[in-house]
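Being a predicted model, the structure only gives us computed values, none of them experimental.
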Amino acid sequence: MALRINDTAPDFTAQTTEGEIRFHEWMGDSYAIIFSHPRDFTPVCTTEFGVVAQLVPEFEKRNTKVLGVSVDSLDDHGKWKRDIEAVAGCPANFAMADDTSLTIARAYEMFPADVSLPTENRTPAHTATVRSVFIIGPDKKVRLTMTYPMSVGRNFAEILRALDAVQATDGVPISTPANWNPGEDVIVALSLNDQQAEERFGKVTKTLPYLRYVAQPPKQTTSA
């Protein structure tokens with residue numbers, strides 16, 4: 001069975017371009033995003049990692065660590081990183097994990113556990129389903145997943161928007177409507193009646209009895 005929302009994200013140890021990490025320990029109190037790729041030196045993935053490199057400051061603003069996962073070696077990652085930086089026009093300052101053993105891909109159920117893969121002459125087609133995105137909360141729970149085919153480049157504006165929505169709604173009785181962007185109104189959870197909603201969020205705009213909008217509340221700060 002595939003990982004589901006609110007499942008605990010599997011922990012793992014991996015060699016990365018920034019040294020060995022133990023995933024949960026590496027995350028600390030941050031959010032994390034895992035971007036997986038079927039192979040290094042593939043054209044779509046190179047453009048995607050280039051965008052990740054450009055967005056590193058945006059992820060840092062959101063207290064989010066980024067981990068790129070590819071089924072190739074650290075040596076290949078180092079060579080590929082130069083191509084990524086050439087495409088991005090900036091340093092690729094994020095960790096890239098060596099998953100030649102497919103440990104991470106199997107733990108995150110990107111393909112069936114009993115799948116048979118060649119140890120030599122492996123092509124991107126053999127690991128085509130290793131094109132997933134996982135947004136993971138500080139509590140190590142899976143918040144959101146996306147999986148793309150090899151022919152469709154990931155929309156990182158949407159991934160960033162989804163991260164904003166996850167963070168905006170974490171621990172708060174609100175949801176985001178379709179096409180929501182940060183700063184726009186949000187939907188009050190049905191667990192609050194009208195009076196409770198007004199007391200907590202201020203003005204409530206009621207479109208339907210069950211569809212009530214309020215201004216996006218400021219982000220809550222959590223103390224250790």
Side-chain angles (χ1 to χ4, degrees), residues 1-3 7-28 30-56 59 64-88 90-136 140 142 144-154 156 159:
M1 183 181 294
L3 282 175
D7 281 353
T8 299
D11 197 12
F12 56 84
T13 299
Q15 299 297 327
T16 80
T17 51
E18 296 184 357
E20 182 177 284
I21 66 167
R22 184 81 179 179
F23 181 58
H24 285 185
E25 180 181 315
W26 174 79
M27 279 186 64
S30 301
Y31 286 79
I33 301 184
I34 293 177
F35 301 103
S36 63
H37 296 263
R39 296 238 48 176
D40 293 356
F41 307 106
T42 50
V44 173
C45 296
T46 302
T47 66
E48 291 175 335
F49 266 27
V51 174
V52 174
Q54 294 168 348
L55 289 176
V56 164
F59 291 122
T64 299
K65 294 183 177 180
V66 176
L67 179 65
V69 175
S70 182
V71 302
D72 286 311
S73 67
L74 281 183
D75 183 56
D76 283 336
H77 288 356
K79 296 172 184 175
W80 187 34
K81 187 175 180 179
R82 293 194 288 271
D83 291 346
I84 293 166
E85 293 176 337
V87 168
C90 65
N93 291 329
F94 61 93
M96 298 168 59
D98 176 334
D99 197 31
T100 48
S101 66
L102 303 179
T103 298
I104 303 171
R106 291 185 190 278
Y108 281 75
E109 302 179 11
M110 299 176 199
F111 43 60
D114 59 353
V115 70
S116 178
L117 295 172
T119 55
E120 296 182 1
N121 301 317
R122 186 187 297 162
T123 71
H126 287 114
T127 47
T129 55
V130 186
R131 278 185 50 72
S132 299
V133 178
F134 297 88
I135 297 179
I136 300 163
K140 314 306 183 283
V142 175
L144 182 147
T145 67
M146 307 178 190
T147 300
Y148 290 73
M150 287 181 65
S151 58
V152 178
R154 282 171 262 208
F156 282 87
I159 292 171

Results of side-chain contact (heavy atoms from CB on, under 4.5 Å) for Thr145 - residues two or more places apart only: Phe134, Val142

Tell me, do His77 and Lys81 make a side-chain contact under 4.5 Å, heavy atoms counted? no

Closest heavy-atom pair and its distance - Thr16, Ala95: OG1-CB, 4.0 Å

Mind checking what makes ring-ring contact (aromatic ring centres under 6.0 Å, His included) contact with Phe156, not counting sequence neighbours? Phe35

Kindly say whether Trp26 contributes a backbone atom to a donor-acceptor pair with the side chain of Lys65 at under 3.5 angstrom? yes

Closest non-hydrogen atom pair, Ala88 against Ala53: CB-CB, 4.1 Å

Residues at least two apart in sequence or cross-chain that pass salt bridge (Lys or Arg N to Asp or Glu O under 4.0 Å) with Lys140, listed by chain then number, are none

Check whether any side-chain N or O of Tyr108 sits under 3.5 Å from a backbone N or O of Pro10 as a donor-acceptor pair, and report yes or no. yes

Once side chain to side chain donor-acceptor pair (under 3.5 Å) is applied, do any residues pair with Thr47, and if so which ones, sequence neighbours excluded? none

Ile84 CD1 to Phe49 CZ distance, which is reported to the nearest 0.5 Å: 6.0 Å

Criterion side-chain hydrogen bond (donor to acceptor under 3.5 Å, both in side chains) on Asp75 and Ser73, from CA distance to verdict: CA-CA 5 Å; Asp75 183 56; Ser73 67; 5.1 Å; no

Name all residues meeting the side-chain contact (heavy atoms from CB on, under 4.5 Å) criterion together with Asp83; count only those two or more places apart in sequence or in a different chain, and write none if there are none. Phe41, Trp80

How many angstroms lie between atom CG of Asn93 and atom CD of Gln54, to the nearest 0.5 angstrom? 12.5 Å

The reported gap from CG in Leu67 to CD1 in Ile104 (rounded to nearest 0.5 angstrom) is 6.0 Å

Has the side chain of His24 got a donor or acceptor atom that lies under 3.5 Å from a matching backbone atom of Ala9? yes

Salt bridge (Lys or Arg N to Asp or Glu O under 4.0 Å): which pairs involve residues 8-28, sequence neighbours left out? Asp11-Arg22

Which is it for Thr64 and Ile33 under the side-chain contact (heavy atoms from CB on, under 4.5 Å) test, yes or no, and what are the steps along the way? CA-CA 7 Å; Thr64 299; Ile33 301 184; 3.7 Å; yes

Which residues satisfy the side chain to side chain donor-acceptor pair (under 3.5 Å) test with Thr17, sequence neighbours excluded? none

Contacts of Asp76 that satisfy salt bridge (Lys or Arg N to Asp or Glu O under 4.0 Å) - sequence neighbours left out: none

I'd like to know if the side chain of Gln15 reaches the main chain of Asp98, judged simply by a donor and an acceptor atom lying under 3.5 Å from each other, with no hydrogens or angles considered. no

In Å and rounded to the nearest 0.5 Å, what is the CD1 to CD1 distance from Ile135 to Ile159? 7.5 Å

First locate atom CE of Met96, then atom CG of Asp40, and finally report the distance between them rounded to the nearest 0.5 Å. 5.5 Å

Between Ile34 and Ile136, is there a side-chain heavy-atom distance shorter than 4.5 Å? yes

Ser36 side chain to Ser132 main-chain N or O, any donor-acceptor pair under 3.5 Å? yes

What's the shortest heavy-atom distance between Gly68 and Phe94, and which atoms? N-CD1, 4.4 Å

Is there side-chain contact between Thr42 and His37, with at least one heavy-atom pair below 4.5 Å? no

side-chain contact (heavy atoms from CB on, under 4.5 Å) against Val87, all qualifying residues, sequence neighbours excluded: Thr46

Donor-acceptor pair, distance only, cut-off 3.5 Å: does the side chain of Asp99 make one with the backbone of Val69? no

